[in-house]
There are 2 protein chains.
Amino acid sequence: MRDVHARLAAWMTRLGMSVRVDAAGNLRGVHPAAPSTVRRLLIGSHLDTVARAGAFDGVLGVVLGIALVQLLGRRQHPFSIEVVGFSDEEGVRFGVPFIGSRALAGTIDRDLLERRDTSGRSVAEAIRDYGLDPDAISEARVADAIGYLELHIEQGPVLERLNAALGIVTAIAGQTRAQVTFTGMAGHAGTTPMRGRRDALAGAAEWIGAVERDAQGVTGLVATIAHVEVEPGAGNVIARRCRATIDIRHADDGVRADAARRMAATAKEIASRRGLDIEWEPRLDQGTVAMDPALTAMLERAVVRSGTPLHRVASGAGHDAMIMAARMPAAMLFLRSPGGISHHPDESVMEEDVAAALAAGLNFLDELAGTLS
Amino acid sequence: MRDVHARLAAWMTRLGMSVRVDAAGNLRGVHPAAPSTVRRLLIGSHLDTVARAGAFDGVLGVVLGIALVQLLGRRQHPFSIEVVGFSDEEGVRFGVPFIGSRALAGTIDRDLLERRDTSGRSVAEAIRDYGLDPDAISEARVADAIGYLELHIEQGPVLERLNAALGIVTAIAGQTRAQVTFTGMAGHAGTTPMRGRRDALAGAAEWIGAVERDAQGVTGLVATIAHVEVEPGAGNVIARRCRATIDIRHADDGVRADAARRMAATAKEIASRRGLDIEWEPRLDQGTVAMDPALTAMLERAVVRSGTPLHRVASGAGHDAMIMAARMPAAMLFLRSPGGISHHPDESVMEEDVAAALAAGLNFLDELAGTLS
């Protein structure tokens with residue numbers, strides 16, 4: 001993170017932007033407007049990634065924000081532009097996503113600061129370890145911006161199937177995340193008969209299969225179990241505990257809530273039948289978030305003016321824009337993901353799509369300037 | 001390991017035993033016989049444990065070996081006694097059990113020395129890290145002993161159900177261990193539809209369920225999957241790879257081999273149907289090992305003479321005795337495991353059973369002396 005901060009900050013500084021890192025570890029660079037103008041537009045995305053990730057999820061949107069400032073050159077708009085590189089969107093370390101954008105939205109609370117990673121280190125301690133002050137986190141908050149624009153790869157196959165370079169995001173699908181822990185009884189793999197075992201991993205495996213079948217049966221529903229820890233984890237010791245994460249998404253909040261209830265009930269039924277204890281700890285319950293109609297209409301006009309066909313899509317992935325939308329008008333532009341591949345080293349983006357996004361982005365800044373002048 | 005070596009070596013030294021650590025990290029103490037006697041009896045068990053283990057699995061047998069030497073006092077037998085505390089029986093670090101006893105049996109080969117732990121460190125490097133010389137491992141070999149006696153907790157419920165303090169082990173059930181790796185395709189949990197996913201963890205979970213049902217259907221068969229690693233392991237990234245261990249045991253080698261073949265075929269079928277790659281890497285294929293009839297008969301007479309009722313049991317757990325039995329006569333005595341609990345902090349042993357084992361052990365030494373004089 002320090003390396004990417006150093007490289008992007010150097011670039012922003014060369015462009016005359018004033019750069020700082022806020023108390024949540026977000027990299028922030030301001031391109032000033034004409035003197036006495038207090039209006040500010042935010043353009044941002046995140047700088048963190050999942051493990052073994054691709055090269056574009058997140059950072060591309062930050063790079064494009066700075067590139068837009070560079071392309072603006074000496075042109076002055078009636079608003080300053082603050083480019084934000086969020087510190088933690090994926091939630092890899094603490095199991096809670098959007099920490100960076102929550103700081104800007106002012107929705108970081110004591111609970112979040114005290115959440116701990118697997119080594120027992122809290123968010124507040126991690127912030128301190130990085131050399132920042134968690135007690136100053138409220139200074140990261142933005143109360144007065146006129147809007148938030150995010151450019152991001154789609155991370156799915158929809159635009160490619162439409163043969164479209166860009167997509168206007170209408171809404172971001174809600175997500176439920178939880179940690180689910182099955183606890184049974186350890187025992188010797190060679191001397192404990194199959195009947196009477198209380199095998200936490202066998203229970204979790206049955207549940208993983210049930211969740212998969214459930215989600216396959218509901219149109220548009222996705223449910224993913226992708227992180228599993230087994231204790232003690234020795235090949236010859238029956239699993240005493242199995243901890244799994246679940247990630248459930250659907251564009252309709254009611255469908256998602258029903259699915260989460262069913263999947264929790266299934267876990268309980270399986271655990272009870274197998275003599276296991278079960279714990280379902282909510283980690284996130286984020287409703288579907290619509291983008292701002294007025295700002296999105298400007299983005300649509302900007303795309304059309306740049307000569308790129310207009311396509312509207314819903315986002316299956318969560319984005320910082322859903323957090324920012326609670327505090328200010330937010331709009332989001334997707335770039336096509338070749339093969340729909342993301343969260344994988346093969347993740348890519350096409351140069352002509354990046355050019356189209358920059359052209360649309362410049363037009364968007366003009367559109368916004370027109371409404372303000 | 002250094003701590004337990006220090007404590008046991010100090011005790012052995014006080015008893016006049018000569019103590020060393022061989023090139024495989026086994027602690028070895030010799031109680032000499034009358035001058036000019038070259039015969040040697042080995043008494044041993046292992047000093048390592050699984051993670052979050054109990055306090056008796058392994059080390060009790062080493063402690064009882066030293067206690068027998070102490071109880072012998074000034075009595076001299078026509079054989080020396082070498083008490084061995086094996087360094088690695090459980091196979092936790094390298095996925096291969098019995099490293100300590102294999103060194104005494106002379107069955108450590110280049111492949112084993114080059115096997116690596118999850119951090120990439122090899123057995124040879126681990127031996128060097130400990131301050132020992134893997135090139136000198138052949139010096140650990142024992143070619144000339146008259147027999148091997150192991151005392152160990154049963155780790156199962158059989159003796160308790162028989163209301164028996166001690167059990168004579170007739171044979172040690174064979175085991176198959178393998179590492180099974182499912183490889184699919186990572187993808188974003190929110191944007192990748194359920195149909196068309198190649199989810200390595202979902203495949204592994206289906207297989208874990210199938211293995212459990214299979215083993216439940218065959219009398220005496222146990223199959224355990226108790227170690228699972230998922231890559232990349234982030235909650236919002238579909239699992240690209242899932243690596244699991246399997247442990248299969250049965251007293252009949254044919255039944256065990258058939259089960260291993262079926263479970264591998266099931267893994268292949270599941271992987272193929274789900275578009276996953278599958279790898280089945282054998283880690284152990286250990287046949288059922290019978291204990292030595294003559295030495296076991298002496299042990300039986302010793303138990304009867306000590307006034308403890310005679311019970312014969314087969315061992316579902318593997319023991320160093322099965323490795324030693326390939327090179328010399330081996331016999332094994334079980335102590336009752338309360339609740340059948342082992343590989344768990346609640347593992348225990350009853351003081352009166354320990355007293356019965358020591359009485360039987362002293363009688364065994366007398367029996368053996370009688371046959372040699």
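Proteins come first, then strands; the chains are lettered A, B, ... in the order of their sequence lines, and each starts at number 1.
- The line from CE of Met194(B) to OG1 of Thr224(A) is 6.0 Å long, rounded to the nearest 0.5 Å.
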Apply the test side-chain contact (heavy atoms from CB on, under 4.5 Å) to residues Arg197(A) and Val222(B): give CA-CA distance (whole Å), side-chain angles for both, the deciding distance (0.1 Å), then the verdict. CA-CA 11 Å; Arg197(A) 287 184 176 204; Val222(B) 286; 3.5 Å; yes
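- Per-residue heavy-atom pair counts under 4.5 Å with chain B were compared for Glu231(A), Arg283(A), Arg249(A), and the maximum is reached by Arg249(A).
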Stepwise side-chain contact (heavy atoms from CB on, under 4.5 Å) test for Asn236(B) and Arg177(A): CA-CA 9 Å; Asn236(B) 58 348; Arg177(A) 292 195 200 180; 3.7 Å; yes
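- Chain B forms the most heavy-atom pairs under 4.5 Å with one residue out of Gly340(A), Ala200(A), Ala234(A), Ala239(A), and that residue is Ala234(A).
- Note that the CG atom of Asp247(A) and the NE2 atom of His188(B) stand 8.0 Å from one another [nearest 0.5 Å].
- Of the possible polar contacts, one joining the His227(A) side chain to the Gly233(B) backbone as a donor-acceptor pair under 3.5 Å is found.
- Interface remark: Val50(A) contributes side-chain atoms only to the contact with chain B (heavy atom separation under 4.5 Å).
- Within the 4.5 angstrom heavy-atom criterion, only side-chain atoms of Thr245(A), from C-beta onward, approach chain B.
- Distance alone, capped at 3.5 Å, places no donor-acceptor pair between the Thr191(A) side chain and the Ala317(B) backbone.
- Glu229(A) contributes atom CD, which lies 11.5 Å from atom CD of Glu229(B) (distance to the nearest 0.5 angstrom).
- In terms of heavy-atom pairs under 4.5 Å with chain B, the best-connected choice from Ala244(A), Ala226(A), Pro232(A) is Ala226(A).
- Ranked by heavy-atom pairs shorter than 4.5 Å toward chain A, the options His250(B), Met185(B), Gln175(B) are led by Met185(B).
- Counting heavy atoms of neighbouring residues, nucleotides and ligands inside a 6.0 Å radius, atom CZ of Arg116(A) exceeds 12 of them.
- The choice from Gly209(A), Ser315(A), Gly235(A) that makes the most heavy-atom pairs within less than 4.5 Å of chain B is Gly235(A).
- Heavy-atom distances place both the backbone and the side chain of Ile225(B) under 4.5 Å from chain A.
- Environment of CZ in Arg262(A): crowded, with over 12 heavy atoms of neighbouring residues, nucleotides or ligands closer than 6.0 Å.
- Only the backbone of Ala223(A) comes within contact range of chain B, with at least one heavy atom under 4.5 Å from a heavy atom of that chain.
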Stepwise salt bridge (charged side-chain N to carboxylate O under 4.0 Å, His left out) check, Arg213(B) with Glu206(A): CA-CA 11 Å; Arg213(B) 282 189 299 279; Glu206(A) 183 182 347; over 6 Å; no
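- When Leu221(A), Asp57(A), Ile208(A) are compared by the number of non-hydrogen pairs under 4.5 Å with chain B, Ile208(A) comes out ahead.
- Rounded to the nearest 0.5 Å, atoms NE2 (His344(A)) and CZ (Arg240(B)) are 6.5 Å apart.
- When the candidates Ala173(A), Gly156(A), Ala51(A), Ala189(A) are compared by the number of heavy-atom contacts under 4.5 Å with chain B, Ala189(A) comes out ahead.
- Glu90(B) touches chain A through backbone and side chain together, each having a heavy atom under 4.5 Å away.
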